[in-house]
Amino acid sequence: MATSDKLSETLADRPDRLSALSHRSPLTGDDGLLMREATHLGKLVLRLAETEAETLKIKALEGAGLPTQPCRSSVSHTGTVSVLWLGPDEWMVVSQAGTEEALQTRLHSELSGRHFQLSNVTDYYTCIDIAGHQNREILMNLSTLDMHNRTFSAGQIKGSIFGHANAYVWQLHTEPGASEIFRLIIRSSMADYLWCLVSRSARLFGMPEDTPISGEKLVI
Amino acid sequence: MSSKYNVFNLIRQGLQGHTGWQAQWREPELKSTYDAVIIGGGAHGLATAYYLAKNHGMTNIAVLEKGWIGGGNSGRNTTIIRSNYLYDASAAIYNHALKLWTTLGRDLNYNIMMSHRGVLNLAHDEGEARTLKRRVEANRLNGVDSEWLDAKQVKEFCPPISIDEDMRYPVIGGTLQRSGGVNRHDAVVWGLARAADALGVDIIQQCEVTSIRTDAGEVTGLETTKGSVKTPKIGSVAAGHSTIIADMVDVPLPIESHPLQALVSEPLKPLIPCVVMSNAVHVYVSQSDKGELVIGAGIDPYVSYTQRGSFDIIEHQMASLMELFPIFSRLRMMRQWGGIVDVSPDASPIISKTKVKGFYINAGWGTGGWKATPGSGHVFADLVANDTPNAIAAPFSLERFVTGDLVAEHGAAAVAH
Amino acid sequence: MATSRQKSGLRTEQGGHINRGKPIHFTFDGKAYQGFEGDTLASALLANGVHMVARSFKYHRPRGIVAAGSEDPAAIVQIGPDAVETDPNTRVTEQEIYEGLMASAQNCWPSLSFDIGIANDVLSDFIPAGFYYKTFMGPPLSWMRFEPIIRKAAGLGVAPTNRDPDQYDSTNRHVDVLVVGAGPSGLAAAKAAADAGARVILAEETNSLGGALLSEPEDSVSLGGKPSDAAIEKMAADLEANPDVTVLTRTTAFGYYGDNFVGLWERVTDHQAPLDRGKHVPRQKIWRVRAKQVILATGSLERPMVFDGNDRPGIMLAGAVRTFLNRYGVLCGHKAVIFANNDSAWATAFDLQKAGSQIAAIVDVRRKISGELLQMAAERGIPIFAGSAIVGTKGRSRVTAADIRLVDETGAISPKSNWINCDLIATSCGWAPNVALFSQSRGKLYYDDDLQAFRPGASWQQERSVGAANGSYDLQDCLDEGRKAGAAAASDTGFKKRIPKVLKASHSMLLQTDLQIIPQVPSPKVAKKVRAFIDLQDDVTTKDIKVAIQEGLHSVEHIKRYTTTGMGTDQGKIANLNAFAFIADHLGKSVPDVGVTTFRQPYKPVTMGALAGQHVGAHFMPRRTTAMHPWHRAQRDVIFEPVGDWLRPRAFLRDGEDFQQAVQRETKAARTGIGVLDASTLGKIDVRGPDAREFLNRIYTNAWSKLSPGKCRYGLMLKEDGMVMDDGVTACLADDHFHMTTTTGGAANVLGHLEDYLQTEWPDLKVYLTTTTEQTAVASICGPGCDRLIADLLDDLDPDPETFKFMDWRDAHIQGIPVRVFRISFTGELSYEINIDASYGLWLWKKIFAQAKCEGGGYDITPYGTEAMHVLRAEKGFIIVGQETDGTATPIDLGMNWIVKKSGDFVGRRSLTRSDTSRDDRKQLVGLVTEQPDYVLMEGTQIIATQEEGTAPVPMLGHVTSSYLSPNLERSIAMAMLESGRSRVGQTLYASRKGDSAMAVRVVGTDFLKEREDGNI
Amino acid sequence: MFVIDCPWCGERDMSEFSCGGEAHIARPEGSEQMNDEEWAQFVFIRKNSKGRYAERWNHAAGCRRWFNLLRNTATDQILAVYKMGDAEPNVSTEEPVTPSGEAPIGSGNDAVKLMKPGEAL
Ligand SMILES: Cc1cc2nc3c(=O)[nH]c(=O)nc-3n(C[C@H](O)[C@H](O)[C@H](O)COP(=O)(O)OP(=O)(O)OC[C@H]3O[C@@H](n4cnc5c(N)ncnc54)[C@H](O)[C@@H]3O)c2cc1C
Ligand SMILES: NC(=O)c1ccc[n+]([C@@H]2O[C@H](COP(=O)([O-])OP(=O)(O)OC[C@H]3O[C@@H](n4cnc5c(N)ncnc54)[C@H](O)[C@@H]3O)[C@@H](O)[C@H]2O)c1
Ligand SMILES: Cc1cc2nc3c(=O)[nH]c(=O)nc-3n(C[C@H](O)[C@H](O)[C@H](O)COP(=O)(O)O)c2cc1C
Ligand SMILES: [Zn+2]
């Protein structure tokens, strides 16, 4: 069932692959509060006409359909592939680290003949997972989204502004009783900014605060 | 009876309990015929009327104001005055205004508290520095007072500014126009009204223009909430409402009306000596004589006539202010408000005749027309009186949007206030 | 007479919501005092007999405490131990005391009790409202001489001198129902809404729930059969226990904006001693609440009486006196005179007397007073002066006596003075609904003739006003209205569960029945000597308002601005209605005809640091970095440059070098050895679809139909006004697939621009766009012979420039990692850009250097920064959008006619042929070389026609857009936008220089390398 | 500070959106044949209406879709949200509330208009 963080740990066997937040270590706070980077998850952006998506069954997605209901995600039978709704003709396919290229190839061949676009954005984005029961509160410090569990539940994915950066927040499907995990999908170049902003917001819950990269000498 | 303002009359009145002061302007009835009507009782409209009466002898004229005079942008602006604009045409008009400002108080016999305390425009990166230096150079050749300061000189001129190098937007330098500054917005409005009134101009408040009558492409009169008026000439100086007036005669304008906000802090003992503006961080601030920090914000990106903007903008404004002045953090915001600014595509005003004979437009001053007030009124009066723009006004015709000869100040003007 | 040391006498024996078990020590103006936990600075000072705490704004008159809450007009002081953590203009009625609190008086010198600023008071006859408009306007600039003096005299508190050590937070909440104010109405509303299942926030400005009930004597009111304290506690506990309810105390709703967005300001630690403040706890916090429904239960504000001498310390609002007594256990005086026009203030008299004060008189302007009241007073032996008024007072730093006289129907007063000694005057001119937030919400007010005050009328947003805020002053009405509104609001948001049962209140309160307003109490003095204050902070008297009206300022907005009434830090909370009533009276109009001034945000002043929240300092704005950034940072002497939001290395300094030397070395190296640039920041957009070519044809000025896969092309993008907006190289990946690059700063704009056209103008075009900027890291390698290094790096591609041609791209691998190599050049040198997945970016970057070294040290490789990049491209005459262009340049102006296709539409095309845009005397891009080869023109320098500047205005022909010392041309070079520039090639012009003679410059072509080859330079 | 009901994502804070100005200004075909004046009309002239105004908005931080929105610029009330290419909806036969001058209480430049609860705005 879980597209959980486990997946990200199987790193592809290649030289020195670094994630955008490789210079940061996971942080823990009170009551199981945990924030860490989910590294190298495979991410593909698929653009396809809304009308086609409704009927399309894509084998490569292993049972995960293209959600046409806004802000929803779907999960494959195996739990290793998720498809996130980003827009009416735009989805993100999230898969285990290192699987994105093969997946891309399969998708490509399955979709050939249609008007579509498939872009590998694995490194464009990275993810920060926030687990622990204060995570909704932490996110409320950063965005205007309604994070209440009445309106934000497992499987939902919403794009918004966090601090001053655009990002998506996705609540992972977790086992009943397990702690909720929110996954922030963020642009690599702004990852450090968001990491630090999240850690600052979590200070009250015992999380150590990281300060952003700055302080370099800018001018002469 | 006390018509003249001076310290002796103030003392004399003081002894009599100030019972002898006269009304600063009359409350005349709307007449049925005028030689010219100015729509809009903001500072620009009143200045236009003042100069029409004073320089062109046109005294059978009226200023029609739908609310109370000075209640539009004239009553809501941060009063920054400078003339260090890039292009010749802009430098000419703003510098013309700056010169008029220096004596306006005396001319009007009204202390408008013109304070030439200096305006700093900060640069935070090389690109900005380049743009600002270009401006300084152009200013010098145009005879506009303007100089480049490095970060240390900026700090010397305005000690509370942080020039820490590790800020997100470090201050790397800036321009200074020493003759720039601020004045008292209400005093300007009232002083102009009083002086125009003394020359015979009818200032009619609570009088909204609702339609304009034309005949064969010529203005013949207008309708107002206080009755109708015959007049061969109408000057529209309605700022945020310019397109609404122009629509009455089917003159399309390239103008959008946006909310622009400002706010004041609680009053404090003198804290910053000059005006500080920054484009990258987007903030501009000065301190009024009463002691409040007067702080301007950015425009909201959508059309609105509500005289209020988004709270987001205020929050960001405050964060920006903290970037430049970290020591302001514990001070408090006392009041925020909004105005409706008339934004033109090239961030320059429109002072122009139109296809309708006798209908003249003065608009598009956007976020930065306060500083132009006397200059704008002066050249617009010329246009209304002579039916031809003078050399200073000529580049600001409506035609430029057709031919492409824009006075594109936004590319170059940093914050346009 | 009361003296300030009668401590025990001023604190009641018992009662009040203070913790008598916990004494707290603080200082005011250096003097030590003691109060109790739960005290505000005001109650603690009053308990110590201190009334005078401030000086007024203009006349520096002594100011005391008037109200008990945030509406107090003038009792403001400076808080804080030092100049760093100081808080100017802090209301003593709101600041809770903590151990060690230090407060001091402000706006006075040398001391509060002896302030030479009082000279202004003596001169007050000569400095009425607006006096400054009438003088100081002598010769030009004369104001500049007086202004500093005025400025110093004005202002109130003093700003901190250092960076704020505290931190602030903001957070967002969505709720079904937001309730503002936790008096009986607000509590009932919150309870009803919460019981129905709605998500609720209840915000209360003060430190505890209960509102006006806390001002009632202990056990005098019961709710549902329970004493009110216990009932409130129970309600609070119920609310706290509900996970969907948030109760916030010390939290002010300061701004009601559009679509039910309400800003709350919580003071988290301001009431705590510094050592008790949690480590990471923000000092203050902004709650950005988006509510489906709002209930305003903000209570009512009492109006003071306006009479001659009404501003002395010790003259207070009757309700406030009662609050200090019952909420804080403080007697505000030993001998009080009550001055009222309604019943409610009589309760103050009765409570005070019961607590031990002497009531010297109840003065009531009404001639007819209910028998019940009269009897109650008589039973207590309180002297009553009906149909009378206080027409004058005495006392300097504290009121000492009141002159009480009869006032007849015509307003005439009895001739004989009747001074009664007192140390406290408690006044009440009735209560007005606190409609500030309602009005901010843009709800419309109406004037209630019974209340003689403005009340909430038609709502504009999803909002309900209840209780005293709605003009309902009876406690049972308050409870009922609250309950109903809470239930209705919940029901409107879909929670229709149940309506809680009616909470019955005991009725023992005196309300403001039979109110009779007199806008200004008459005075026996000659008019000009009367000083009846309306705005106590800004020293606005009725006389000032009269002068304003006489001077023709008839709009309430004009009068406000002329007199500054209501413009102080209290925004006239208790003054405004009195001002409106006075204006109305004076103009012979009704109050609603006069109208109100605008209620603006904030409800009360909010700390600017709190509004900025966490988005300051390091968190102010995102700073974007590339995959190679860790390497850049690790270089010892790297200088960074912000480019858009990115941080890019500008130059890598080596031992002992200065910036200029480094740039020269780097620039040289890129043409003689091998230069490497981190080019990852360029914007990248994946463009795909059968109509991609057509799309590019419309977006770019040049043609894209024939570009074949494997090839790249440079493109210029215009805005519809014909001006250059961005440029970049686009590669054809497949017939229907392109990889577009944009400038670093322009990426977001370009994507927005393209999506806009696709979605809104040409939805029929089958094209998809996805941004891929951060997906790839880019190393740009250039220099003669750099192909050898490339060859060494690549597993499977021969970069031989003969076969891998300029503007070609190829896929390849480095150690098995896929890369895409572009043979494009921004330097004019042989150059390759290697694109790799960003997670390998740092690896690639290091690998390039390692490769250069390990192959026998065969390559002279130099990392270069953006500055060298700029010089290199200038040597070749390439433009930088945003540097050569400023939003006023067309492709033709830039000499790039070659890129504008001859036929077919594209965005901006039509604008190019407008009469002025197509003129050939426009500013055009040219090269300039200075007569003196080592002289580098300043960028921004203006070009003139003659060596002598002459007098202003000097005609300017153009300006220098870029200027560098070029190590490869061994001289300075510059680019300029010059009027009729292209036809001036070969001419000598002059670059003006401040304080120096102009520098002769020769106009040349822009490709300096070629110009040198051609012998032109 | 309005909330915009994105046709796809639902109600979101306006900070997630960017405004693209007046709607229903189609880019003209055959601009070659237009005179300078007509072209200027397309590039620069906007209705800038006080009252009902159709404009384009983009859910920039969300689904990135452009859509149209009908707003009363005198009050900032959103009257309708509709998709690109759809015609301007006829929200009501009456013009929306557009007080002459600014909305009476709460924004300055107009005489106060007083209204009792429930009175039609
Ligand atoms: C917050 C803010 C800050 C600013 N800061 C600066 C600054 O620091 N420096 C600077 O130079 N500029 C600044 N400006 C811009 C400046 O305020 C304006 O450009 C300038 O005041 C315009 O003057 P005006 O007289 O034309 O406009 P207004 O004062 O707005 O006058 C127009 C008048 O026309 C009236 N009117 C409209 N329609 C009708 C009708 N139908 N009938 C009758 N009357 C009508 C209006 O009621 C109004 O009173 C700022 C503006 C704002 C809003
Ligand atoms: N004696 C009289 O004539 C008279 C007149 C009016 C009211 N009252 C009494 O007052 C009570 C009114 O009850 P109520 O609940 O309507 O009002 P209330 O005055 O009891 O409570 C209002 C609460 O709102 C808070 N508040 C005000 N503005 C706020 C803001 N912007 N943000 C957060 N909090 C804010 C105040 O601190 C206060 O606690 C009743 O008991 C009534 O009998 C008596
Ligand atoms: C330069 C300047 C200074 C101001 N200073 C104050 C001030 O000290 N106190 C205050 O309450 N308002 C001040 N205001 C704001 C006005 O009260 C008012 O908000 C503004 O004129 C807009 O009008 P409105 O709020 O009635 O719409 C100031 C406005 C300006 C333009
Ligand atoms: Zn959306």
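To find a chain, count down the sequence lines: A is the first, B the second, and so on, and within it residues start at 1.
- Looking at D:Asn35, neither its backbone nor its side chain comes within 4.5 Å of chain B, counting heavy atoms on both sides.
- B:Tyr305 and D:Asn48 share a side-chain donor-acceptor pair at under 3.5 Å.
- Here B:Thr403 contributes atom OG1 and D:Glu37 contributes atom CD; the two are 11.0 Å apart, rounded to the nearest 0.5 Å.
- For a residue to count as touching a neighbouring chain, one of its non-hydrogen atoms must lie under 4.5 Å from one of that chain's; by this rule D:Gln41 touches chain B with the side chain only.
- Only the side chain of B:Ile244 comes within less than 4.5 Å of a heavy atom of chain D; its backbone N, CA, C and O stay farther away.
- There is no contact between D:Trp39 and chain B, counting heavy-atom distances below 4.5 Å.
- A side-chain donor-acceptor contact under 3.5 Å links B:Asp300 and B:Ser310.
- Heavy-atom pairs under 4.5 Å with chain D peak, among B:Ser242, B:Pro345, B:Gly70, at B:Pro345.
- For B:Ile255, the parts lying near chain D are the backbone and the side chain together; criterion is any non-hydrogen pair under 4.5 Å.
- Under the 3.5 Å distance criterion, with hydrogens and angles disregarded, a donor-acceptor pair is assigned to the side chains of B:Glu409 and B:Ser90.
- Heavy atoms of D:Ser18 lying under 4.5 Å from chain B are absent altogether.
- Looking at B:Asn77 and B:Thr79, their side chains never bring a donor and an acceptor atom within 3.5 Å of each other.
- Ring geometry for D:His24 versus D:Tyr82: interplanar angle under 30°, hence parallel rather than tilted (30 to 60°).
- Residue B:Ile314: no heavy atom, backbone or side chain, is found under 4.5 Å from chain D.
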